[in-house]
There are 2 protein chains.
Amino acid sequence: MYVATDCIIFGFDEGKLKLLVFNRQVEPLKGEWSLIGSFVRLDEDLDVACERVLRETTGLENVFMQQLKCYGKKDRDPGYRCISVAHYALIRIDEYDKELVRQHGASWYEINEVPQLILDHNQMVLDALKQLKYNARYRPIGFELLPEKFTIPQLQCLYEAIYQRELDSRNFRKKVTSLRVLEKLDEKDKSGSKRGAFLYRFDHENYQKLVESGYDFEIA
Amino acid sequence: MYVATDCIIFGFDEGKLKLLVFNRQVEPLKGEWSLIGSFVRLDEDLDVACERVLRETTGLENVFMQQLKCYGKKDRDPGYRCISVAHYALIRIDEYDKELVRQHGASWYEINEVPQLILDHNQMVLDALKQLKYNARYRPIGFELLPEKFTIPQLQCLYEAIYQRELDSRNFRKKVTSLRVLEKLDEKDKSGSKRGAFLYRFDHENYQKLVESGYDFEIA
DNA sequence: ACAAAAGTGTTGGACTTACACCCATGG
DNA sequence: CCATGGGTGTAAGTCCAACACTTTTGT
């Protein structure tokens, strides 16, 4: 049986949660929209395979990535029996290799304007989004989608995009700062307003300590 | 590549959460403890394969079963390259086919006394238990492990076994009855005490309605 | 009559939500 | 000077956790 992996790649840009979809360049179904994927090689760990796929298409390494689900309907791929283990990845939209992405015929789509994809890939996207919403409540994975330095309004905007609802800025700020995993910098980002908003950095060290102590990261 | 499925089968008996483990009857590793599994047939849906495994070993159908994770380390099975999609199942310990289980050389082990299992099966059990704890908070899956009629003290005992901590009986009773998915019967179960405790039945219909309306089932 | 489990309410504290105004700056 | 987004505190309500005694009945 063939074993493949497909990647649901999320990014965050212009205040919107987006999905990277690919123009399929091989037959069958050449020219259709698709997630990016690959067969898992015989001598390759499953998770290594999807890291490889991500690296080959975006140039990124050490990306947040998580196994979503294994799709195994017998007729999911009309060509041959193939199961696919879907993973979703959160990438920083300012870091990926734009040339590489262009070569693969990929484009970003807003999460609720994703076009028709091949096979069961639309279902994978729906499942991944559900998972992302779910996980975002208990681990601060939202940070994975932002540049290294970000402002609190940006972070809030991201969570609003994930949850697809508005959050109260006072309550949001209170909560994220109370988590004590944000390091406030002396710089401001003035791209969003005249006044400028302070930049923060994610304090990985403190985060790690808190995780180990069993801390609960529910946000919003 | 070979594709297998393995089943983590949970049951609840004598106030303890238990796992059904099998004595492996084929080489290699014959005689070792193992989860039960099977290769996925070429013309068989993945989820159908694990339903088949469960039916073949316990005689049960229509069991609560959920995909856990796909295990795909390249050397997880020293014999040949094989990925395994683990599923966990919750069964009622009074319903399974004891003769069938005996034929497969299976025994129940308390969840924190599980012996050494082959390959990565111990890891699968740990992951399944974590998932069970997690899911038990948001869907009333605990009911799957009890007989059709059960008492509230039994239900509490089950949740205590899953969470591995004690719960307050007043708060627990308050919460589960407030969910409005329990139907109180006129019978009592006197096996647990002189006084006897009222039996309840899970109201699947009302549960379905509540799920559809987006209700949140957090318990304990 | 007593042991053993079933059943029942209340209160204090923690957390969540809702809500409105001033601040800093660039144009 | 004004338009724009950034930043701040408080009060009400809801939810959760802690807690102890009475009931029933078989032995």
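Order of the sequence lines sets the chain letters (A, B, ...), proteins ahead of strands, with each chain counted from 1. Since the structure is predicted, the reported quantities are computational estimates derived from the model, not experimental observations. All values below come from the heavy atoms of this structure, side chains included, with hydrogens, waters and symmetry mates left out.
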> Rounded to whole angstrom units, what separation is found between the NZ atom of Lys175(A) and the P atom of dA14(C)?
Replying inline: 17 Å

>> Using whole Å, what does the distance between atom C1' of nucleotide dA6(C) and atom CG of Asp168(B) come to?
In response: 14 Å

>> With no hydrogens and no angle check, just 3.5 Å: does a side-chain donor-acceptor pair link Asp189(A) and Tyr200(A)?
In response: no

> Within this structure, what is the CD-to-C1' distance between Glu166(A) and dT17(C), rounded to whole angstrom?
Replying inline: 15 Å

>> Rounding to an integer number of Å, can you tell me how far Phe172(B) CZ sits from dA6(C) P?
In response: 12 Å

>> What is the separation between atom CZ on Arg170(A) and atom P on dC19(C), rounded to the nearest whole Å?
In response: 9 Å

> What nucleotide, of dT25(D), dG7(D), dT17(C), holds the atom closest to the side chain of Pro153(A)?
Replying inline: dG7(D)

> In whole angstroms, how far is the P atom of dT16(C) from the CG atom of Leu179(A)?
Replying inline: 11 Å

> Can you tell which of dG7(D), dT25(C), dT8(C) lies closest to the side chain of Ala197(A)?
Replying inline: dG7(D)

>> Quick check: on DNA chain D, is the nucleotide nearest Ser193(A) upstream (toward 5') of the one nearest Lys174(A), or the reverse? Name the residue that is more 5'.
In response: Ser193(A)

> Start at the 5' end of DNA chain D and walk down; is the nucleotide closest to Ser169(B) or to Lys190(B) reached first?
Replying inline: Ser169(B)

> Between the two ends of the helix from dA1(C)-dT27(D) to dG27(C)-dC1(D), what is the bend in degrees, rounded to 10 degrees, where each end axis spans five pairs?
Replying inline: 0°

> Does a distance-only test, which skips hydrogens and angles, find a donor-acceptor pair under 3.5 Å between the side chain of Arg195(B) and the base of dA6(C)?
Replying inline: yes

> Counting only distance, no hydrogens or angles, is the base of dT24(D) paired donor-acceptor with the side chain of Lys188(B) under 3.5 Å?
Replying inline: no

> Roughly how many Å is it from CG in Asp189(B) to C1' in dG7(C), rounded to a whole number?
Replying inline: 15 Å

> What residues form a side chain to side chain donor-acceptor pair (under 3.5 Å) with Lys209(A), not counting sequence neighbours?
Replying inline: none

> Within 45 degrees of the axis of the six-membered ring of Tyr71(A) and under 6.0 Å from its centre: does Lys69(A) put its NZ or CZ there?
Replying inline: yes

>> Determine whether the aromatic ring centres of residues Tyr159(B) and Phe12(B) are separated by less than 6.0 angstrom.
In response: no

